[in-house]
Amino acid sequence: FEKFFSTKNKIIMGLVVIIYLWTLAFDVLLASGSENYPCVLRDNGDFFDDDYSGPLMVEFKDCGPLTYYGDLFTGGGIRILIVSLAAIASGGLIANDMNDKSLHLYLSRPISRLDYLIARFIPIFLLLIFVTVVPNMITFMTQWSSSGLEFDWIKNHKWLMFDIIVQGLFYSASYSIIGLTFSTLINREYRAAGAFFLFVYGTNIIVELFHLFVNDDRVLLLSIAHLLDIVSFEIYGAEYYFTSAGELKGIELANLEIFGALTLIIGGCGLFVNWMISQMEANK
């Protein structure tokens, strides 16, 4: 984890700085005000107070901790930076060990494959926590400050801090495991990073186009970006919506389908990485 913050990793350090500056500028300095935090109702780009009940309103909640993970034109714009950071940071964690054969040395020691995988998982996970949970908590604290540092505000938002942490854990753990999967599958650091990035955004674009034709919400579960967003909305008790053909659209999916799909993707990635390492161990 400390190695990620060395002067040798200028790209990683640069992305971390950009994420924090972006958060400072858009989520802290330009925040809409504590009265609209964390959620307001949205209708095609217009925002209303929670007590608004106009006849043309579509009741989609737009929450600050959710839009933080949005893309450049659909929210906070941080997603592309987080995905880039996860791709670059995780691309060489296992690939480099496979290339220089140091993986055989690690596996020849009295440690298990699980020990090795956890040791590779922890640093990228902590790095992503540093740019997912912490900036959102900074925004949380600034909103509390702008409300006068009153403890009644904390009391009224007692579950918000927990939701922010759980949301960040889902994003960080998922991107970490998927990043390690590509690092294992493609034993070239920058190729693995590029494949990770293309996987996240490629599936995102494909399923949105496919959704226009089949109009089946279940296809969104094939995109890890949409899937993590859907899980985040479930955490905040809000209805998930996304922009399709210029319109806001909701979805109708059961929790079993949502969390089942996430479990299959993450579990499948974990099993694949373990299998690949076991093959290396058998051939050492």
Side-chain angles (χ1 to χ4, degrees), residues 1-28 68-69 71-72 76-109 111-138 168-169 171-202 224-225 269-270 272-274 276-277 280-281 284:
F1 180 64
E2 292 177 351
K3 188 173 69 172
F4 280 134
F5 292 95
S6 68
T7 55
K8 295 180 180 179
N9 292 323
K10 294 182 176 59
I11 296 179
I12 292 177
M13 287 295 296
L15 284 174
V16 171
V17 171
I18 291 173
I19 289 173
Y20 272 84
L21 289 178
W22 195 293
T23 303
L24 179 66
F26 289 91
D27 289 318
V28 177
Y68 172 79
Y69 293 89
D71 278 315
L72 294 174
I78 293 294
R79 175 189 287 160
I80 190 171
L81 297 176
I82 293 178
V83 172
S84 300
L85 180 62
I88 295 172
S90 65
L93 284 181
I94 295 179
N96 290 338
D97 290 344
M98 296 173 67
N99 281 330
D100 61 17
K101 307 301 181 182
S102 59
L103 179 61
H104 297 306
L105 176 63
Y106 292 130
L107 296 178
S108 66
R109 296 175 178 178
I111 62 173
S112 65
R113 290 193 303 272
L114 182 61
D115 294 330
Y116 173 80
L117 293 176
I118 290 176
R120 288 294 175 261
F121 172 82
I122 288 177
I124 180 62
F125 176 73
L126 291 179
L127 179 66
L128 293 182
I129 286 291
F130 189 70
V131 296
T132 56
V133 175
V134 178
N136 248 332
M137 290 304 302
I138 292 174
L169 290 175
Y171 274 94
S172 301
S174 299
Y175 283 146
S176 297
I177 294 174
I178 295 174
L180 291 179
T181 301
F182 280 97
S183 182
T184 307
L185 180 64
I186 305 173
N187 60 351
R188 293 291 185 273
E189 181 175 357
Y190 291 106
R191 290 180 183 178
F196 175 95
F197 187 88
L198 290 176
F199 170 77
V200 174
Y201 275 96
I224 188 62
C269 288
F272 174 78
V273 172
N274 183 70
M276 287 289 292
I277 298 301
M280 294 289 293
E281 186 178 23
K284 73 174 187 277

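Side chains of Y175 and I124 form no contact here, defined as non-hydrogen atoms less than 4.5 Å apart. In this structure, L85 and I19 have side chains that are in contact, with non-hydrogen atoms separated by less than 4.5 Å. You'll find the side chain of V131 stays beyond 4.5 Å of the side chain of I78, heavy atoms only. Residues I12 and F5 form no side-chain contact, since every pair of their non-hydrogen atoms from C-beta on lies 4.5 Å or further apart. Side-chain contact check for N136 versus T132: every heavy-atom pair is 4.5 Å or farther apart. By the 4.5 Å heavy-atom criterion applied to side chains, L169 and I129 are counted as neighbours. Within the 4.5 Å cutoff, side-chain heavy atoms of P123 are placed close to those of F4. A heavy-atom distance below 4.5 Å is not found between the side chains of F196 and T181.
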Criterion side-chain contact (heavy atoms from CB on, under 4.5 Å) on I88 and F197, from CA distance to verdict: CA-CA 9 Å; I88 295 172; F197 187 88; over 6 Å; no

Run the side-chain contact (heavy atoms from CB on, under 4.5 Å) check on I94 and M276 step by step: do they pass? CA-CA 11 Å; I94 295 179; M276 287 289 292; over 6 Å; no

Between L24 and I138, does the side-chain contact (heavy atoms from CB on, under 4.5 Å) criterion hold? Intermediate values first, please. CA-CA 9 Å; L24 179 66; I138 292 174; over 6 Å; no

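Going from atom OG of S172 over to atom CD1 of I177 covers 11.0 Å, rounded to the nearest 0.5 Å. Here R188 contributes atom CZ and M98 contributes atom CE; the two are 10.0 Å apart, rounded to the nearest 0.5 Å. Summarising the geometry, atom CD1 belonging to I82 is positioned 10.5 Å from atom CG belonging to L127; distances are rounded to the nearest 0.5 Å. Separation of atoms CZ (F272) and CD1 (I277) is listed at 9.5 Å; rounding is to 0.5 Å. How far CG of L81 is from CG of L15: 6.5 Å, rounded to the nearest 0.5 Å.
Judged by distance alone, with hydrogens and angles left aside, the side-chain atoms of S90 form a donor-acceptor pair with the main-chain N or O of A86 at under 3.5 Å. Under a 3.5 Å cut-off, the side chain of N99 and the backbone N or O of N96 do not form any donor-acceptor pair. Using modelled atom types, one side-chain atom of N9 and one backbone atom of K3 make a donor-acceptor pair closer than 3.5 Å. Checking side-chain atoms of Y171 against main-chain N and O of L128 turns up no donor-acceptor pair under 3.5 Å.
Looking at every heavy atom in both residues, G91 comes nearest to S183 through O-OG, 2.9 Å. Taking each heavy atom of I186 and A192 in turn, the nearest pair found is O-CB, 3.6 Å. Nearest heavy atom pair, residue E189 against residue A95, reads N-CB, 4.3 Å.
Counted within 6.0 Å of CD1 on I11, heavy atoms from surrounding residues, nucleotides or ligands total 12 or fewer; the atom is thus considered open. Summarising the local packing, CZ of F1 is surrounded by more than 12 heavy atoms from other residues, nucleotides or ligands at distances under 6.0 Å.
Aromatic rings of Y20 and F130 (six-membered ring for Trp) have centroids within the 6.0 Å cut-off, being under it.
Under the side chain to side chain contact (heavy atoms under 4.5 Å, CB included) test applied with L117, the options L180, L93, T184, V273 reduce to a single match, V273.
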